[in-house]
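Worksheet for the structure shown next.
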Amino acid sequence: MHVLVLASFAPSLTGFRGPLIAEMVRRGWRVTAAAPDFDAASRAAVTALGARPVEVPMARTGMNPLADLAYRRTLISLLRREQPDVLLAYTIKPVIWGLLAARAVGVPRSVALITGLGYAFTDGTGGGLKRTIAGVMASTLYRLALRHADRVLFQNPDDRDLFMTQGLLRDRGQIAVVDGSGVDLDHYSPAPLPEAPVFLMIGRLLGAKGVREYAAASMALKARHPGARFQLVGWRDPGPDTVTEAELQGWIDGGIEYLGRLEDVRPAIADARVYVLPSYREGTPRSVLEAMAMGRPIITTDAPGCRETVVSGENGLLVPPRDAAALEAAMEQLLTNPAQTAAMGRASLECVRARYDVHRVNDQILSAVPD
């Protein structure tokens with residue numbers, strides 16, 4: 001069987017879907033991995049998994065209809081040339097335009113992975129009229145594309161319920177909810193919890209990730225607890241919700257340690273005592289699962305996707321989204337209660353082993369793709 005995996009960013013094929021692609025290859029399937037922005041390293045990484053990389057140009061951000069229609073034409077040509085038995089697409093543009101192209105070409109089976117809803121569906125991200133228009137456009141296009149999908153896989157029940165309420169799906173028979181993307185428990189192995197009070201957040205520097213709330217809480221705590229450390233890993237991603245250079249410099253001046261973009265986040269997680277992700281909405285946050293696998297307590301939001309990863313008081317704390325004061329209080333609670341953080345770290349590890357092992361999750365995903 002020939003499966004074409006369609007993504008919006010080449011490095012994500014190995015960073016987020018590497019074990020899934022490896023499992024498909026292990027089953028004897030022929031895998032083509034298509035995405036924009038391949039470089040020598042990402043091509044080599046995909047090839048090492050046993051798949052064939054294919055460059056597909058795409059404008060990752062923006063709502064230019066001419067660019068998106070050009071992307072659809074490119075995908076139609078790709079699918080006609082490759083003739084896959086199954087299209088497996090994830091992230092918004094590959095899902096929408098990939099499934100519409102698959103319908104036009106007559107690909108026998110298409111599977112959509114809804115890995116998060118992003119800017120167009122997330123309240124409180126700014127943008128006003130522009131975000132409203134983006135939401136209407138995204139809903140309309142999802143409705144057109146997903147009614148032809150054989151399976152639509154969600155990473156949390158909130159996203160599933162939203163799509164059902166908005167009438168974006170054909171019927172319940174299409175739907176399954178899987179436990180995120182999973183995490184490789186061999187790669188992200190437990191690390192001793194450091195004694196030092198070090199907090200860490202990893203993510204793109206977008207308002208919807210809650211990075212502004214993290215910065216505000218961290219700077220307030222730094223003023224009261226100068227021995228504590230507050231670290232930030234990530235990068236500025238172009239778009240209407242991105243953090244400005246001036247904001248970032250202000251946070252650095254306020255005592256936040258900005259580590260930039262890291263290819264390997266494990267050393268940063270190992271150096272941290274508490275992991276924080278105050279996101280407004282996620283599919284299932286991968287960075288949280290990685291921190292849990294390394295035995296870290298989690299502070300995240302009582303928001304779709306995020307709330308799935310934490311039982312508040314057991315392996316971490318849940319706070320309201322967009323509430324810097326509540327986040328600050330939760331961070332201070334764990335800063336001043338080291339015994340509680342140790343117990344929560346152990347609970348995180350137990351939870352991730354029971355629910356989020358990548359091999360278990362891959363079985364959930366591939367059950368939607370017939371052998």
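Of all non-hydrogen atoms in Gly305 and Pro285, the two that sit nearest each other are O-CD, 3.6 Å. Nearest approach of Leu317 to Ser312, heavy atoms of both residues: CA-OG, 3.6 Å. Nearest heavy-atom pair across Ala51 and Val25 is N-CG2, 4.4 Å. Ala215 and Ile256 get closest at one heavy-atom pair: CA-CD1, 3.5 Å. The two residues Leu349 and Ala293 have their closest heavy-atom pair at CD1-O, 3.3 Å. Among all heavy-atom pairs drawn from Pro194 and Asp271, the shortest one is CG-O, 3.6 Å.
Salt-bridge formation is not detected for the pair Arg109/Asp85: no Lys NZ or Arg NE/NH1/NH2 atom is positioned less than 4.0 Å from an Asp or Glu carboxylate oxygen. For the pair Arg322 and Glu213, the salt-bridge criterion is not met [side-chain N within less than 4.0 Å of a carboxylate O]. In this structure, Arg307 pairs ionically with Asp158, as a charged nitrogen and a carboxylate oxygen lie closer than 4.0 Å. A salt bridge links Arg27 with Glu23: at least one charged nitrogen is closer than 4.0 Å to a carboxylate oxygen. A salt bridge does not link Glu290 with Arg266: none of the charged nitrogens is closer than 4.0 Å to a carboxylate oxygen. A salt bridge links Asp159 with Arg281; the closest basic N to acidic carboxylate O contact falls under 4.0 Å. Residues Arg355 and Glu308 are paired through a salt bridge, judged by an N-O separation under 4.0 Å between the basic side chain and the carboxylate.
Ile298 is connected to Val352 through a chain of hydrophobic side-chain contacts under 4.5 Å among Ile, Leu, Val, Met, Phe, Trp and Tyr, so both are in one cluster. Val288 and Val177 are members of different hydrophobic clusters when ILVMFWY side chains are connected at heavy-atom separations under 4.5 Å. No path of Ile, Leu, Val, Met, Phe, Trp and Tyr side chains, each step under 4.5 Å between heavy atoms, connects Val198 with Phe230, placing them in separate hydrophobic clusters. Put simply, Leu79 and Leu144 are part of the same group of oily side chains (I, L, V, M, F, W, Y) that touch within less than 4.5 Å, one to the next. Residues Ile202 and Leu327 share a hydrophobic cluster, clusters being chains of Ile/Leu/Val/Met/Phe/Trp/Tyr side chains in contact below 4.5 Å.
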Test salt bridge (charged side-chain N to carboxylate O under 4.0 Å, His left out) on Glu328 and Arg224; report intermediate values, then the result.
CA-CA 11 Å; Glu328 179 186 337; Arg224 293 200 300 276; 2.8 Å; yes
Go through Ser181 and Arg17 one step at a time and tell me if the side chain to side chain contact (heavy atoms under 4.5 Å, CB included) criterion holds.
CA-CA 8 Å; Ser181 301; Arg17 303 293 161 201; 3.2 Å; yes
Take Glu82 and Arg52 through the test salt bridge (charged side-chain N to carboxylate O under 4.0 Å, His left out) and record every step on the way to the result.
CA-CA 11 Å; Glu82 297 292 335; Arg52 183 167 61 89; 2.4 Å; yes
Yes or no on side chain to side chain contact (heavy atoms under 4.5 Å, CB included) for Leu146 and Phe163, after CA distance, side-chain angles and deciding distance?
CA-CA 10 Å; Leu146 295 180; Phe163 273 47; 3.5 Å; yes
Go through it in stages, so that I can follow the logic: the residues are Leu200 and Val276, the test is side chain to side chain contact (heavy atoms under 4.5 Å, CB included), and I'd like the CA-CA distance, side-chain angles, deciding distance and then a yes or no.
CA-CA 6 Å; Leu200 172 69; Val276 184; over 6 Å; no
Begin with the C-alpha distance, continue with both residues' side-chain angles, and end with the deciding distance and a verdict on side chain to side chain contact (heavy atoms under 4.5 Å, CB included) for Val183 and Asp357.
CA-CA 5 Å; Val183 62; Asp357 184 301; over 6 Å; no
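Between Pro297 and the options Val310, Asn315, Leu193, a side chain to side chain contact (heavy atoms under 4.5 Å, CB included) holds for only Leu193.
Two residues are said to be in side-chain contact when any heavy atoms from C-beta on lie closer than 4.5 Å; Met58 and Pro94 meet this criterion. Proximity of Val152 to Leu169: side-chain heavy atoms (C-beta onward) are separated by under 4.5 Å at one or more points. Two residues are said to be in side-chain contact when any heavy atoms from C-beta on lie closer than 4.5 Å; Val5 and Val3 meet this criterion. The shortest distance between side-chain heavy atoms of Val86 and Val107 does not fall below 4.5 Å. By the 4.5 Å heavy-atom criterion applied to side chains, Ile365 and Leu113 are counted as neighbours. Gln174 is not listed as a side-chain neighbour of Asp150, based on a closest heavy-atom distance of 4.5 Å or more. No side-chain heavy atom of Arg30 sits under 4.5 Å from any side-chain heavy atom of Met24. Asp179 is not listed as a side-chain neighbour of Thr284, based on a closest heavy-atom distance of 4.5 Å or more.
Rounding to the nearest 0.5 Å gives a distance of 5.0 Å between CG of Leu13 and CD1 of Ile21. Residue Leu162 holds its CG atom at 7.0 Å from CG of Leu168, rounded to the nearest 0.5 Å. The distance from atom CD of Gln231 to atom CD1 of Ile269, rounded to the nearest 0.5 Å, is 11.5 Å. Rounding to the nearest 0.5 Å gives a distance of 9.5 Å between OH of Tyr214 and CD1 of Ile299. The structure places CG of Asn156 at 10.5 Å from OG1 of Thr309, a figure rounded to the nearest 0.5 Å. Taking CG of Asp241 as the start and CZ of Arg204 as the end, the distance is 9.0 Å to the nearest 0.5 Å.
Between the side chain of Asp37 and the backbone N or O of Phe9 there is no donor-acceptor pair closer than 3.5 Å. For Ser189 (side chain) and Leu185 (main-chain N/O), no donor-acceptor pair under 3.5 Å exists by modelled atom type. Not one N or O on the side chain of Arg160 forms a donor-acceptor pair closer than 3.5 Å with the backbone of Leu153. Under the 3.5 Å distance criterion, the side-chain polar atoms of Arg170 are matched with a main-chain donor or acceptor of Ala149. Without hydrogens or angle criteria, Ser139 side chain to Val136 main chain gives no donor-acceptor distance under 3.5 Å. Under the 3.5 Å distance criterion, the side-chain polar atoms of Glu247 are matched with a main-chain donor or acceptor of Thr244. Under a 3.5 Å cut-off, the side chain of Thr301 and the backbone N or O of Ser279 do form a donor-acceptor pair. Judged by distance alone, the side chain of Lys222 and the main-chain N or O of Ala228 form a donor-acceptor pair under 3.5 Å. A donor-acceptor pair under 3.5 Å links the side-chain atoms of Thr300 to the main chain of Leu277, judged by distance alone. Of the possible polar contacts, none joining the Asn337 side chain to the Gln340 backbone as a donor-acceptor pair under 3.5 Å is found.
A donor-acceptor pair shorter than 3.5 Å cannot be found between the side chains of Ser110 and His148.
Around CZ of Arg360, the count of heavy atoms belonging to other residues, nucleotides or ligands within 6.0 Å exceeds 12.
A cation-pi arrangement, defined by a distance under 6.0 Å to the six-membered ring centre and an angle within 45 degrees of its axis, is absent between Arg296 and Tyr275. For the pair Arg72 and Trp97, the NZ or CZ position fails the cation-pi test of under 6.0 Å to the six-membered ring centre and within 45 degrees of the ring normal.
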